[in-house]
Amino acid sequence: MEKNILNFSQNRELSWLKFNRRVLEEAQDITVPLLERMKFVAIFTSNLDEFFMIRAGSLFDMAHADPKAKDSRSGMTPDEQLEKIFEAVAPLYKERDKIYSDIQKQLRPYGVCGLNYKELEQQEKKYVKKHFKEQILPVLSPQVVDANHPFPHLLNKEIYVTANLRDKDKTMQGIVPVPQFVSNVLYLPGHDIRYIRMEKIIMEHLNLVFPKYDISDVNYICVTRNADIAPDDEALEVNDDFRYLMKKTLHKRRRMSVVRLEAAEKLSAETEKYFCNKFQIKPRQIFRTKMPMKLDYIFAICGNLPEPMKKSLTYPPFVPQKSARVQDGSIMRQIKKKDLILFYPYESMDPFLRLIKEAAYDPNVMTIKITIYRLAKKARLVEYLCAAAENGKEVTVLIELRARFDEQNNIDWSERMEEAGCRVIYGFEDYKVHSKICLITYRNRGEIQYITQIGTGNYNEKTAGMYTDLSLMTANQKIGTDASEFFKNMAISNLEGTYEHLLVSPFGLKQTVLSLMDEEIAKGDAGRIVMKMNSVTDTDFIEKVAEASQAGVKIDLIVRGICCVLPGIAGYTDNLRVISVVGRYLEHPRIFSFGTGDGQKLYIGSADMMTRNTEKRVEVACPILDADVRKLVTHYLKVMLNDNIKARELHSDGNYYKKELVPPYIDSQAAFMEEAVRARNEKPAQKEKSLLGRVKELIGMRASKRS
């Protein structure tokens, strides 16, 4: 059959919006604790903000540069894609507002109340007014917009209270920024968690802000600016310091064009025209929302709950477990005997941090080399790397300063490590370094030997407790030799190195993956492919999936987010199944499995099957050579494929649907938490026992809801 990718693929942006709709489904799930549901509303909102900043921003740029260019997966021009995006987003706003309102109502009996000013009791109104006059009014920076006061630059994702002001026969716009350095909410006195948002307090007291004016059409707004800017958009002199260039880039991002305007109240025709003119936008880019434009405070509320209430409103607490495969004592000695793998957040990141700390003080260790994409604000890893440099080890850190929205954090850490004596290098002009690889070189009886760590996620100690990821530590010398060659190539800007075991993009990873798929295609209906990723957009990969399906190969893709290949298209992707798991933790591992049994070839790595990853980034995937580790990773895949609680199946229409709820009932993340606890050969604590109990409870709740 003729292969036309438009027959079995979908638009990337619309696929992403459908994924984010999946996030919103978790906020609707009656079996998820109420404040956790509110967190999913916040995550959905944050995701949508980034979508407009990056994806919509990029499409606006494309529409300006080449309006007739067509998306290879959907055949749409940039403007056609934007039209479809605005069409798809509008109902999501309404749905999110309703879900937020429903959760708010259900939280009130617990004493968690987000209030409007009219709902405040008389004493509370006095308290709020006193607080406003003493703490807020003195730090406000209000402005009128008239001939002598030009319209101000509104910062990205900051909230501004607006109003029409009238003084005798003059009418003008008043704008008040909600200060960034005060809390988003004011908590009211009392035992309950009663609070009012700062923008509502300012709106109520505008007469004190603009005392000489008649005030009308009070509102608050928030602009989203295009943030799709890269350093290669700038002129780069050969002698420029890359850190300096990144600082300039971040400054420019703050001034980028507006791609979306959000308003709390419906805008009058006159005001809408005014804002469209000021921001150079069209009415389709304006969205009304009845819920807060910032929901960061929800996470603070969760942290401040009294213990009894916390049990009712949040997930049972889970602490990453000490891996049962890791013993006390020297971690380096254990890795030399046998490969170790950690599964975050079910298992703790501590063994990897112990490895770096031990290497920092081991007299036989000569060098530590590592690639860094994202770090936590507080990072023990950096402390240990700095200690290693101060102890005379040669420490090389390849840090990617262009990790989007983490640029400043990475600039700060690079300066700290350089001061400690680490050799800090950066990525390539046109290629981000996204790999997660660390190499320890040591001398053993005169021989140079290696310990290599390769992961699917960042060396971020905070997200290691929130994202699911795999971290392999091995003393396999062939992998170590490849890793050594990799770091040498990175240091001399050679992207075209050759490796025996590691798959390295941009020149070796996709080609090998496609070749491994060809091996399965040659087996016909005996072929088997299972791959777990965050996103699938690469057209070469999508075409190969269709080819494999047509050859009879059974293919399972576990794709958290964007998936541009559609399963179940007759004659093209009949043998393809795609599922997405959205749950308590963010699914993040990349796992590639080809074949079954003794002939299985299994890899973990940092790359999604996206063209940006396979062709424009440095990514590393590593084979799992240890039989026991291979068995573990294969087990993880099997559990996820059988998830019928949190998994959704992608259908040929591009939408996600719940699986049929039949025994055995499997919530993969709950199962992995149970396994991590049980593997310690300890009796699960009552709170951990309740995880699977909650799955059974969930079945009953869903069944009664359906009936």
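We're numbering straight along the sequence, starting at 1.
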* To do: Indicate yes or no: at least one non-hydrogen side-chain atom of Glu400 is less than 4.5 angstrom from one of Ile372.
  => no
* Asked: Taking only residues two or more places apart in sequence, or in another chain, which ones meet Tyr459 in a ring-ring contact (aromatic ring centres under 6.0 Å, His included)?
  -> Phe352
* Does Asn116 use its side chain to pair, donor to acceptor, with the backbone of Glu119 at less than 3.5 Å? -> no
* To do: Check the pair Glu83 / Arg284 against salt bridge (Lys or Arg N to Asp or Glu O under 4.0 Å), numbers first and verdict last.
  => CA-CA 8 Å; Glu83 197 59 50; Arg284 68 179 185 176; 2.6 Å; yes
* Structure fact -> To the nearest 0.5 Å, atom CG of Leu107 lies from atom CG of Leu313 at 6.0 Å
* To do: Report yes or no: does Asp217 contribute a side-chain atom to a donor-acceptor pair with the main-chain N or O of Ser268 at less than 3.5 Å?
  => no
* To do: Would you sort out whether Asp61 and Ser58 count as a side chain to side chain donor-acceptor pair (under 3.5 Å), showing the intermediate values?
  => CA-CA 5 Å; Asp61 290 343; Ser58 174; 5.8 Å; no
* **Sequence neighbours excluded, every pair satisfying ring-ring contact (aromatic ring centres under 6.0 Å, His included) that has a member inside residues 60-94** => Tyr93-Phe287
* Asked: Is any side-chain heavy atom of Gln135 closer than 4.5 Å to a side-chain heavy atom of Leu186?
  -> no
* Interatomic distance, Leu398 atom CG to Ile425 atom CD1 [nearest 0.5 angstrom] -> 4.0 Å
* Asked: Any Lys/Arg nitrogen of Asp49 or Arg260 sitting under 4.0 Å from an Asp/Glu carboxylate oxygen of the other?
  -> yes
* To do: Report yes if some heavy atom in the side chain of Asn219 is under 4.5 Å from a heavy atom in the side chain of Val161; otherwise report no.
  => no
Residues 192-199 side chain polar contacts: donor-acceptor under 3.5 Å, at least two apart:
from, atom 1, to, atom 2, distance (Å)
Arg194, NE, Glu124, OE2, 2.8
Arg194, NH2, Glu124, OE1, 2.8
Arg194, NH2, Glu124, OE2, 3.2
Arg197, NE, Glu199, OE2, 2.8
Arg197, NH2, Tyr220, OH, 2.7

* Give a yes or no on this: more than 12 heavy atoms of other residues, nucleotides or ligands lie within 6.0 Å of atom OH of Tyr467. => no
* Hey, which of Lys157, Arg288, Lys290 is the one that makes salt bridge (charged side-chain N to carboxylate O under 4.0 Å, His left out) with Glu262? -> Lys157
* Asked: Which heavy atom in Pro142 sits nearest to a heavy atom in Val209, and how many Å separate them?
  -> CB-CG1, 3.5 Å
* To do: Would you mind reporting whether His434 and Asn613 have side-chain heavy atoms less than 4.5 Å apart?
  => yes
* Stepwise side chain to side chain donor-acceptor pair (under 3.5 Å) test for Gln81 and Asp71 -> CA-CA 9 Å; Gln81 292 179 69; Asp71 169 42; 4.9 Å; no
* Are side-chain heavy atoms of Arg21 and Leu92 found at a separation under 4.5 Å? -> yes
* Is the side chain of Arg560 donor-acceptor paired with the backbone N or O of Asn534 at a distance under 3.5 Å, no angle test? -> no
* Report yes or no: does Glu50 contribute a side-chain atom to a donor-acceptor pair with the main-chain N or O of Asn47 at less than 3.5 Å? => no
* Under a 4.0 Å N-O cut-off, is there an ion pair linking Lys98 with Glu95? -> no
* To do: Determine, stepwise, if the pair Glu25 / Arg22 fulfils salt bridge (Lys or Arg N to Asp or Glu O under 4.0 Å).
  => CA-CA 5 Å; Glu25 278 185 15; Arg22 271 283 295 112; 3.4 Å; yes
* Structure fact -> CD (Gln123) and CG (Leu188) are apart, to the nearest 0.5 Å, by 12.0 Å
* Asked: Between Glu461 (side chain) and Leu381 (backbone), is there a donor-acceptor pair under 3.5 Å?
  -> yes
* To do: Apply ring-ring contact (aromatic ring centres under 6.0 Å, His included) to His205 and list each qualifying residue two or more places apart in sequence or on a separate chain.
  => Tyr117, Phe132
* To do: For the residue pair Asp412 and Gln408, confirm or rule out a side-chain donor-acceptor distance under 3.5 Å.
  => yes
* Of all the heavy-atom pairs spanning Ser141 and Pro177, show the shortest one and how long it is. => O-CD, 3.2 Å
* Atom of Ala88, atom of Leu14 and distance for their closest heavy-atom approach -> CB-CD2, 4.5 Å
* So does Asp430 pair up with Lys616, basic N to acidic O under 4.0 Å? -> no
* Does Thr314 use its side chain to pair, donor to acceptor, with the backbone of Lys310 at less than 3.5 Å? -> yes
* Structure fact -> Contacts of Tyr585 meeting ring-ring contact (aromatic ring centres under 6.0 Å, His included) (sequence neighbours excluded), chain-then-number -> Tyr346
* To do: Answer yes or no: is there a donor N or O on one side and an acceptor on the other, between the side chain of Thr463 and the main chain of Met466, under 3.5 Å?
  => no
* **Plane angle bin for His131 and Tyr127 - parallel if under 30°, tilted between 30 and 60°, otherwise perpendicular** => parallel
* Asked: Say you draw a straight line from CG of Asn226 to OG of Ser257; how long is it, rounded to the nearest 0.5 Å?
  -> 5.0 Å
* Can you list the residues that meet the side-chain contact (heavy atoms from CB on, under 4.5 Å) rule with Leu295, with sequence neighbours excluded? -> Val41, Ala42, Thr45, Tyr100, Met291, Pro292, Tyr297, Ile298
* To do: Grab the two heavy atoms, one from Val182 and one from Pro179, that are nearest each other, plus how far apart they are.
  => CG2-O, 3.4 Å
* Asked: Would you find a donor on one side and an acceptor on the other, under 3.5 Å apart, between the side chain of Trp16 and the backbone of Asn11?
  -> no
* **Ile175 backbone acceptor or donor facing Gln143 side chain under 3.5 Å** => no
* To do: State plainly whether the residues Glu134 and Lys130 are in salt-bridge range, i.e. N to O under 4.0 Å.
  => yes
* So, are Glu204 and Lys125 salt-bridged, with charged N and O less than 4.0 Å apart? -> no
* **Close side-chain approach of Leu375 to Asn460, heavy-atom, < 4.5 Å** => no
* Spell out, as yes or no, whether a donor-acceptor pair under 3.5 Å connects the side chain of Asp167 to the backbone of Lys170. => no
* Distance-minimising heavy-atom pair for Arg617 and Tyr373 -> NH2-OH, 3.5 Å
* **Any Val433 side-chain heavy atom under 4.5 Å of Tyr426 side chain** => no
* Asked: Looking at Phe19 versus Phe44, is the centre-to-centre ring distance below 6.0 Å?
  -> no
* Structure fact -> salt bridge (charged side-chain N to carboxylate O under 4.0 Å, His left out) test vs Glu13 passes for just one of Arg73, Lys18, Arg55, namely Arg55
* Asked: Does any non-hydrogen side-chain atom of Cys276 lie less than 4.5 Å from one of Pro283?
  -> yes
* **Distance-minimising heavy-atom pair for Lys133 and Leu137** => O-CB, 4.0 Å
* Asked: Hey, is Lys39 close enough to Glu36 for a salt bridge, meaning N to O under 4.0 Å?
  -> yes
